[in-house]
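A note on names: the letters A, B, ... follow the listed sequences, proteins ahead of strands, and every chain is numbered from 1.
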There are 2 protein chains.
Amino acid sequence: MSAHIFVVEDEKPILTLLTYNLEKEGYKVSSSSNGEEALSVIKEKKPDLVLLDWMLPDLSGIKICQYLKQDEKVKNIPIIMLTAKGEEEDKVKGLNTGAEDYMTKPFSFPELLARIKSLLKRVKPNIVSEEATYLDLKIDRESMKVFRKEKEISLGPKEYKLLDFLIKQPKRVYSREQLLEHVWGDDINVESRTVDVHITRLRQSINIEGAKPLIRTVRSAGYSLEN
Amino acid sequence: MSAHIFVVEDEKPILTLLTYNLEKEGYKVSSSSNGEEALSVIKEKKPDLVLLDWMLPDLSGIKICQYLKQDEKVKNIPIIMLTAKGEEEDKVKGLNTGAEDYMTKPFSFPELLARIKSLLKRVKPNIVSEEATYLDLKIDRESMKVFRKEKEISLGPKEYKLLDFLIKQPKRVYSREQLLEHVWGDDINVESRTVDVHITRLRQSINIEGAKPLIRTVRSAGYSLEN
DNA sequence: GAGTAATGTTACAGATTTGTTAAATATTTA
DNA sequence: TAAATATTTAACAAATCTGTAACATTACTC
């Protein structure tokens, strides 16, 4: 799965270099040198990451960053701001606006690459695909159906949500608090032990005969989707 | 939690001044005026930031920077290069090598401080690695699993925490009190001898057949992860 | 509005982990 | 070498954590 990186940059040589190098690394790259345009394209295309120049002819990078971070639908897209080396003030301002990272030009490409990878890894859970599988377990988000070994399984809404969340990063251990936050969300006036009960219910549904149990308990830590 | 800054500088007056000022700001400072030594200490101690002089008697700063940036395990540690020359060439060379920032001597301390703060803020979140290894021992914090020689090892919660802490700085010796403080944390109404028991339990788990024992006892001092 | 489904809470049994103690070993010192 | 000091480890009781059934409450469906 190659990530899609959107570059907002009006300096041609830099844009060319970035595009060339990123594509060589296997990323899908698109770009714009116009702020207004960039804003609308980002909202429409939802890239996995944005490289954003500080100074743009029409709309400053920091403004764009602000707009994006205020929009529910795209606020999770990580942004790396690019600025000409110099003003300390700008750096702080950029980071305070919500940019995930900040690099000053000229920068080393390997370093940029490292930061991109690190950011993508951190944000991965937010990138949802229509279908997710783990071993013989499959979840189709379009039809909201779950299958184990090709056999459809019926889950209650909460169990579905729980599985939907866990399968985003199989093997990762989540604490009860994290699960409450992400699966229950809004009203966290719920006992953390309630998670246990729903885990039990989810287990009873997905652990069908002749297939390995799929939820791991990590004592004093939480649960993960794994066998 | 104060950051640890490592200074590589052979000019005594500058080193003294830097150390004094940085410590006054609450940073933990260590240093070396020997390039080779600095390189190995940095790899071992993994400071949060490195101040690196351009010219050193044995090994140039830029070489050190290159070495560090090529090493997966320390490439994320930010480096600020310090140089007497103001030449643009050197700056570019320094930055291309991967240094995060660059200052020419004589520099204003407040400015240096600002840069340090900015860098630490920017890089800190990226250096909490999900994986740590020491020799043939590996700990994956995402799945909370521990491996020795590729074989999974199961640890109790406290043993896991203990190992998780020890592996952050292998070879470093921690007193029982330090371990209690960092691993037990809140309720320190625990006998310091209890640490011994958990060390024993950890040993019994990770010291599998055909692999070197991995925990060193330092009599009347404490323990370290080391063989 | 009755019936059904889903959710959250609680209680309790069972399992695992933890801290303490004491005896056995090991190491240093005099 | 004996005494003093420090560490290892087994054993056990206490504390903590988890799984699940049962039940009350709330939300949905027809």
message: Closer than 4.0 angstrom, basic N to acidic O: yes or no for Lys28(B) and Asp48(B)?
response: no
Distance, rounded to the nearest Å, where Glu159(B) contributes CD and dT16(C) contributes C1': 12 Å
statement: Rounded to whole Å, CZ of Arg176(A) lies from C1' of dG8(C) at a distance of 15 Å
query: Rounded to the nearest Å, what distance is computed from the CG atom of residue Leu180(A) to the C1' atom of nucleotide dT9(C)?
result: 14 Å
- request: Show the numbers, then the answer: is there a side-chain contact (heavy atoms from CB on, under 4.5 Å) between Ile80(B) and Val50(B)?
  value: CA-CA 6 Å; Ile80(B) 300 180; Val50(B) 173; over 6 Å; no
- request: Might you point out which heavy atoms bring Trp184(A) and His198(A) nearest each other, and give the distance in Å?
  value: CZ2-CD2, 3.5 Å
task: Look at the side chain of Arg216(A) and the backbone N and O of Ser143(B), then say whether any donor-acceptor pair between them is shorter than 3.5 Å.
output: yes
query: In terms of side-chain geometry, is the basic nitrogen of Glu159(B) or Arg201(B) positioned less than 4.0 Å from the acidic oxygen of its partner?
result: no
field: Near-strand residues of residues 220-227 of chain B, defined as heavy-atom separation under 4.0 angstrom from DNA chain D
entry: Ser220(B), Tyr223(B)
task: For Leu162(B) and dT17(C), give me the distance from atom CG to atom P, rounded to whole Å.
output: 15 Å
query: Once the angle between the rings of Phe165(B) and His182(B) is folded into 0 to 90°, is it parallel (under 30°), tilted (30 to 60°) or perpendicular (over 60°)?
result: parallel
message: With a 4.0 Å cut-off on N to O distance, would you call Asp164(B) and Lys161(B) a salt bridge?
response: no
field: Angle of first-five versus last-five pair axes in the helix from dG1(C)-dC30(D) to dA30(C)-dT1(D), to 10 degrees
entry: 30°
query: Could you walk me through whether Arg141(B) and Tyr160(B) pass the side-chain contact (heavy atoms from CB on, under 4.5 Å) check?
result: CA-CA 10 Å; Arg141(B) 299 189 171 105; Tyr160(B) 177 85; 4.1 Å; yes
- request: For the side chain of Pro157(A), starting at C-beta, report the closest nucleotide among dG19(D), dT9(C), dA6(C).
  value: dA6(C)
task: Go through the N and O atoms of the side chain of Arg201(B) and the base of dG19(C), and report whether any donor-acceptor pair is under 3.5 Å.
output: yes
field: dG8(C) phosphate, OP1 or OP2, under 4.0 Å from Trp184(A) side-chain N/O
entry: yes
message: Using whole Å, what does the distance between atom C1' of nucleotide dT16(C) and atom NE2 of His198(B) come to?
response: 13 Å
- line: note: Leu202(B), atom CG; dT17(C), atom C1'; distance rounded to Å ~ 15 Å
- request: May I ask you to evaluate whether Gln204(B) reaches the phosphate of dA10(D), defined as a side-chain N or O under 4.0 Å from OP1 or OP2?
  value: yes
message: Checking Asp136(B) against Lys212(B) for the salt bridge (Lys or Arg N to Asp or Glu O under 4.0 Å) test, could you report, in this order, the C-alpha distance in whole Å, the side-chain angles of both residues, the deciding distance, and whether it holds?
response: CA-CA 9 Å; Asp136(B) 52 13; Lys212(B) 285 183 185 170; over 6 Å; no
task: Calculate the interatomic distance between Asp196(A) atom CG and dC12(C) atom P; express it in whole Å.
output: 18 Å
query: What integer distance in Å separates Tyr160(A):OH from dA6(C):P?
result: 15 Å
query: Looking for any heavy atom pair under 4.0 Å, which part of the strands does Thr217(B) touch: base, sugar-phosphate only, or nothing?
result: sugar-phosphate
task: Please confirm whether the backbone N or O of Gly210(A) pairs with a side-chain atom of Lys149(A), one donor and one acceptor, at under 3.5 Å?
output: yes
task: For the pair Glu191(A) (side chain) and Arg193(A) (backbone), establish whether a donor and an acceptor sit closer than 3.5 Å, ignoring hydrogens and angles.
output: no
- request: Report yes if some heavy atom in the side chain of His4(B) is under 4.5 Å from a heavy atom in the side chain of Lys46(B); otherwise report no.
  value: no
field: Nucleotide-resolved protein contact map, nucleotides 21-30 of chain C, B/S/- at heavy-atom distance under 4.0 Å
entry: B----BBS--
